[in-house]
Amino acid sequence: MQKRVNKQVALASRPEKNATTEHFRIEEIAMPQPAEGEILLRTRYLSVDPYLLRVIKGIQTYAPVNPGDVMFGRSVCDVVESRDPGFAPGDTVFMYSKWQNYHLAKGESLKKIDTSEIPASAYLSVLGHSALTAWGGLLDVGQPKAGETVVVSAAAGAVGSVAGQLARIKGCRAVGIAGGKAKCDHVVDFLGFDACVDYKSPNFEKDLRAAVPNGIDVYFENVGGFVFDTVLSMLNHSARIPLCGLISHYNADEPVTFRHWGQMLTQLVRIQAFRVSDYVPRMDEAMADMKRWYSEGLLKNHESIAQGIENAPTAFVDMLSGRNLGKQLVKLD
Ligand SMILES: NC(=O)c1ccc[n+]([C@@H]2O[C@H](COP(=O)([O-])OP(=O)(O)OC[C@H]3O[C@@H](n4cnc5c(N)ncnc54)[C@H](OP(=O)(O)O)[C@@H]3O)[C@@H](O)[C@H]2O)c1
């Protein structure tokens with residue numbers, strides 16, 4: 001039998017600005033042994049998410065990670081050994097875990113998932129919290145109506161890719177904003193948005209205006225900065241902005257200013273920030289929708305998958321700089 005090796009990713013130091021792989025270290029640790037009532041799990045997939053940048057910088061402090069601490073996140077894990085009668089080897093679960101190959105947990109922190117027809121990784125992408133974020137933010141906060149124009153930033157990423165597809169499902173014109181031609185092609189050709197505009201192009205403002213001939217009714221905000229400012233100038237009366245994220249601000253050196261902020265008043269725009277945790281109580285309802293649309297082929301899923309726990313820091317850093325297409329995951333060996 002192959003020897004089991006247990007590795008983990010710890011935070012080596014806090015980044016002041018951009019996170020690099022130098023801010024992490026890989027440590028080899030002992031294999032845990034389950035006590036009575038405990039379950040030994042092997043991580044199959046780890047999710048790496050933008051909010052962790054704020055966590056490791058010490059800005060988001062409700063779940064702190066200090067230098068020396070092991071990184072954490074959502075994961076899909078397989079039960080290896082169980083001393084809880086509710087779980088057995090062969091079960092696959094969703095959970096919050098450390099960035100670690102093997103770990104122990106109690107049954108109440110695990111949710112069994114069915115991978116017979118749905119790939120395990122989808123529970124961290126199109127059937128996971130990224131999708132729940134898009135579902136709550138777009139459908140509940142954004143209130144899109146058929147025929148309206150919905151613009152989504154970071155449209156090729158985990159949350160944005162779902163938000164734009166939900167807009168299409170609701171009969172809206174979905175326009176994405178993403179970095180680079182390859183991503184924009186993916187957003188239109190694979191995800192089925194009506195249009196996608198490259199915010200890195202010098203023609204960004206002109207291209208966006210051409211893509212929204214009837215103005216913008218809902219703007220699903222993931223990035224902030226000049227992208228937000230440009231969108232502001234095209235908002236319709238009573239437009240809604242679900243404020244999901246501001247990734248361009250997370251490392252900003254300068255104060256962020258908006259030339260078109262007055263549009264918020266002129267057009268009586270409603271902006272509402274939300275967190276995925278607001279919608280966790282409605283997870284079953286959201287996932288029933290997502291599973292139906294996914295099985296009907298209305299919802300496409302794309303994942304970028306890094307291999308091995310050693311590559312988790314690279315996957316995280318690459319995702320922050322936009323090298324991912326769709327949800328960034330790490331598959332553990
Ligand atoms: N409110 C909540 O509860 C909640 C939950 C989950 C996520 N979020 C937020 O939602 C946003 C998307 O998260 P995600 O998990 O789906 O990540 P993601 O979109 O899969 O990956 C992040 C993407 O952000 C884009 N990006 C990075 N720096 C940028 C910049 N300076 N300007 C414009 N775009 C930039 C990159 O795409 P490009 O190549 O297109 O630049 C990158 O691929 C983030 O702001 C995140 O914090 C919020």
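Atoms within each ligand, like the ligands themselves, are counted from 1 in listed order. In this text the structure is predicted, and so the values were computed from the model without any measurement.
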Between the CE atom in Met290 and the CD1 atom in Ile118, the distance rounded to the nearest 0.5 Å is 11.5 Å

Measure from every N or O atom of ligand 1 to the protein's N or O atoms and keep only the pairs below 3.5 Å, writing each with atom names and distance to 0.1 Å.
from	atom 1	to	atom 2	distance (Å)
ligand 1	1 (N)	Cys244	O	2.9
ligand 1	1 (N)	Phe274	O	2.9
ligand 1	3 (O)	Val276	N	2.6
ligand 1	10 (O)	Asn222	OD1	3.2
ligand 1	16 (O)	Ala158	N	3.3
ligand 1	16 (O)	Val159	N	2.8
ligand 1	20 (O)	Ala158	N	2.8
ligand 1	20 (O)	Asn324	ND2	2.9
ligand 1	21 (O)	Asn324	ND2	3.4
ligand 1	34 (N)	Tyr199	OH	3.3
ligand 1	37 (O)	Lys183	NZ	3.4
ligand 1	39 (O)	Lys183	NZ	2.6
ligand 1	40 (O)	Gly179	N	2.8
ligand 1	41 (O)	Tyr199	OH	2.5
ligand 1	43 (O)	Lys183	NZ	3.3
ligand 1	43 (O)	Asn324	OD1	2.6
ligand 1	45 (O)	Asn222	O	2.8
ligand 1	45 (O)	Tyr250	OH	3.3
ligand 1	47 (O)	Tyr250	OH	2.8

Excluding Leu268, membership of its hydrophobic cluster (Ile, Leu, Val, Met, Phe, Trp, Tyr; side-chain heavy atoms within less than 4.5 Å) reads none

Side-chain contact, heavy-atom cut-off 4.5 Å: Val9 with Glu310? no

Has Arg54 got its NZ or CZ under 6.0 Å from the middle of the six-membered ring of Tyr250, at an angle within 45 degrees of the ring axis? yes

Decide if the gap between the ring center of His129 and the ring center of Phe94 is smaller than 6.0 angstrom. yes

Evaluate salt bridge (Lys or Arg N to Asp or Glu O under 4.0 Å) for Arg74 paired with Asp49, printing each intermediate quantity in order. CA-CA 9 Å; Arg74 291 185 292 273; Asp49 293 86; 3.0 Å; yes

